[in-house]
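In this text, all values refer to a predicted model and were calculated from it rather than measured experimentally. Chain letters run A, B, ... following the sequence lines, proteins first and then strands; every chain starts at 1. The analysis underlying the following values was restricted to heavy atoms, covering all of them including side chains, and did not include hydrogens, waters or symmetry mates.
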Protein chains: 2
Amino acid sequence: MRRGSRLSGVLHVLLHMAEQDEPVTSEALAKAMDTNPVVIRRVMAGLRDQGYVRSEKGHGGGWTLARDLADVSLRDIYEALGQPALLAVGNRTEAPGCLVEQAVNAALTRAFNDAEALLLSRLADVTLARLSADFHKRLAGRGKGHRLETAHAK
Amino acid sequence: MRRGSRLSGVLHVLLHMAEQDEPVTSEALAKAMDTNPVVIRRVMAGLRDQGYVRSEKGHGGGWTLARDLADVSLRDIYEALGQPALLAVGNRTEAPGCLVEQAVNAALTRAFNDAEALLLSRLADVTLARLSADFHKRLAGRGKGHRLETAHAK
DNA sequence: CCATCATGTAATATCAATAGTTACATGAGA
DNA sequence: TCTCATGTAACTATTGATATTACATGATGG
């Protein structure tokens, strides 16, 4: 999973899980996400601790969704991931006593906060159920079935 | 200058230059920004090519502002820097054929674009002149003069 | 039980992006 | 023509994130 795509990747994984009746192993998810099983476990561990997914060990084990898709928004997932910085632009803090820096930071911070608030509210508007519905609409349009393995063939 | 603070750092430099009557050397700016002169030159070179600053070689040389502070917005500078990604969250593109990924990306892209547009318009609203005025207001409030060197003493 | 499967997790390695450094060329003044 | 300052290429260092390895824990099925 490449940089900066954690939220996107996790949503992808969750929707794929939603299509599966049985637990999905980290290995299967890793293959689909083109990454390593350990990376999947690391990321999913956070979601599990916050009650979004469950994990089971042993035969037939793996990951399952713990909540209704309609009850989870993209913002929920974003926050469950530890709220990685949404905005790539940060403030300098080298010379906090410098009045120029204070003026610059004040202006930038205001603009960033506004944008971040808008983004979060947009994310809050979209539930996993809505994404899933969108997916199924696309699926019907294409007129084919869906299998995790074939959807990510190389 | 640490990561992700390019815009902030450049604005800082520009405002400091505005306070100076004579050209400021890369070395002086580097000291103030706690970085290396070559880094300053690299970044400023882009701004010079786009007409925001001028550079002069030889004795008494250095960097000067080429435009009125009132004519330059934060968005102008942001764009002059090569429009570094504002949003730290990107879309996955590993499996563009996967319908799940398409659904996820569609939702995220919409939200991000909205937020980015808002951020850009906020940056466009603020001119360097306004930042400078803000700085001078803070300066008056503190009741002291301003010198580049002392403002960044360690 | 014990072999196997799967997660849990620490430790380590790899990788890419950015920043910093060195070195030397170019041009402007004094 | 000596010095100062930018211009720039090449290289190194640092950092943050991801990937990998290795091993522990627990569940299941024979």
Candidate nucleotides [options], ranked by approach to the side chain of [X] - the nearest:
{"X": "A:Arg42", "options": "C:dG20, C:dA11, D:dT8", "value": "C:dA11"}
{"X": "A:Thr25", "options": "D:dT18, C:dA6, D:dT8", "value": "C:dA6"}
{"X": "A:Val39", "options": "C:dT18, D:dT28, D:dA19", "value": "D:dA19"}
{"X": "B:Ser26", "options": "C:dG20, D:dT6, C:dG8", "value": "D:dT6"}

Taking the basic N atoms (NZ, or NE/NH1/NH2) and the acidic carboxylate oxygens, is any pair closer than 4.0 Å for A:Arg110 and A:Asp114?
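No, A:Arg110 and A:Asp114 are not salt-bridged.
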Spacing of [X] atom [atom1] relative to [N] atom [atom2], expressed in whole Å:
{"X": "B:Met44", "N": "D:dT6", "atom1": "CE", "atom2": "P", "answer": "10 Å"}
{"X": "A:Leu7", "N": "D:dA17", "atom1": "CG", "atom2": "P", "answer": "15 Å"}
{"X": "B:Lys31", "N": "C:dT21", "atom1": "NZ", "atom2": "P", "answer": "13 Å"}
{"X": "A:Leu81", "N": "D:dT18", "atom1": "CG", "atom2": "P", "answer": "11 Å"}
{"X": "A:Glu22", "N": "C:dC5", "atom1": "CD", "atom2": "P", "answer": "16 Å"}
{"X": "A:His59", "N": "C:dT4", "atom1": "NE2", "atom2": "C1'", "answer": "5 Å"}
{"X": "B:Asp49", "N": "D:dT8", "atom1": "CG", "atom2": "P", "answer": "8 Å"}
{"X": "B:Glu56", "N": "D:dG7", "atom1": "CD", "atom2": "P", "answer": "11 Å"}

Please name the residue in the list A:Val126, A:Leu131, A:Leu74 that meets the side chain to side chain contact (heavy atoms under 4.5 Å, CB included) test with B:Leu108.
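The passing option is A:Leu74.
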Of the options B:Val10, B:Val39, B:Ile40, which is the one that meets B:Met33 in a side chain to side chain contact (heavy atoms under 4.5 Å, CB included)?
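Running side chain to side chain contact (heavy atoms under 4.5 Å, CB included) over B:Val10, B:Val39, B:Ile40 with B:Met33 returns exactly one hit, B:Ile40.
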Ignoring hydrogens and angles, does a donor from either the side chain of B:Arg48 or the base of D:dG7 sit under 3.5 Å from an acceptor on the other?
no
Does the base of D:dT25 carry an N or O that pairs as donor and acceptor with the side chain of A:Lys57 under 3.5 Å?
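For A:Lys57, whose side chain was compared with the base of D:dT25, there is a donor-acceptor pair (under 3.5 Å).
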N/O (side chain, B:Arg41) to phosphate O (OP1/OP2, D:dG7) under 4.0 Å:
no
Verify the contact: side-chain N or O of A:Ser55 to OP1 or OP2 of C:dG8, cut-off strictly under 4.0 Å; return yes or no.
yes
On DNA chain D, more 5' by nearest nucleotide between A:Val38 and B:Glu27 is B:Glu27
Toward the 5' end of DNA chain D, by each residue's nearest nucleotide, A:Thr35 or A:Gly58
A:Thr35
Criterion side-chain contact (heavy atoms from CB on, under 4.5 Å) on B:Arg75 and B:Ser121, from CA distance to verdict
CA-CA 8 Å; B:Arg75 175 171 181 168; B:Ser121 84; 5.5 Å; no
Would you check if the side chain of B:Thr109 reaches a backbone N or O of B:Ala106 as a donor-acceptor pair within less than 3.5 Å?
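No: the side chain of B:Thr109 does not pair with the backbone of B:Ala106.
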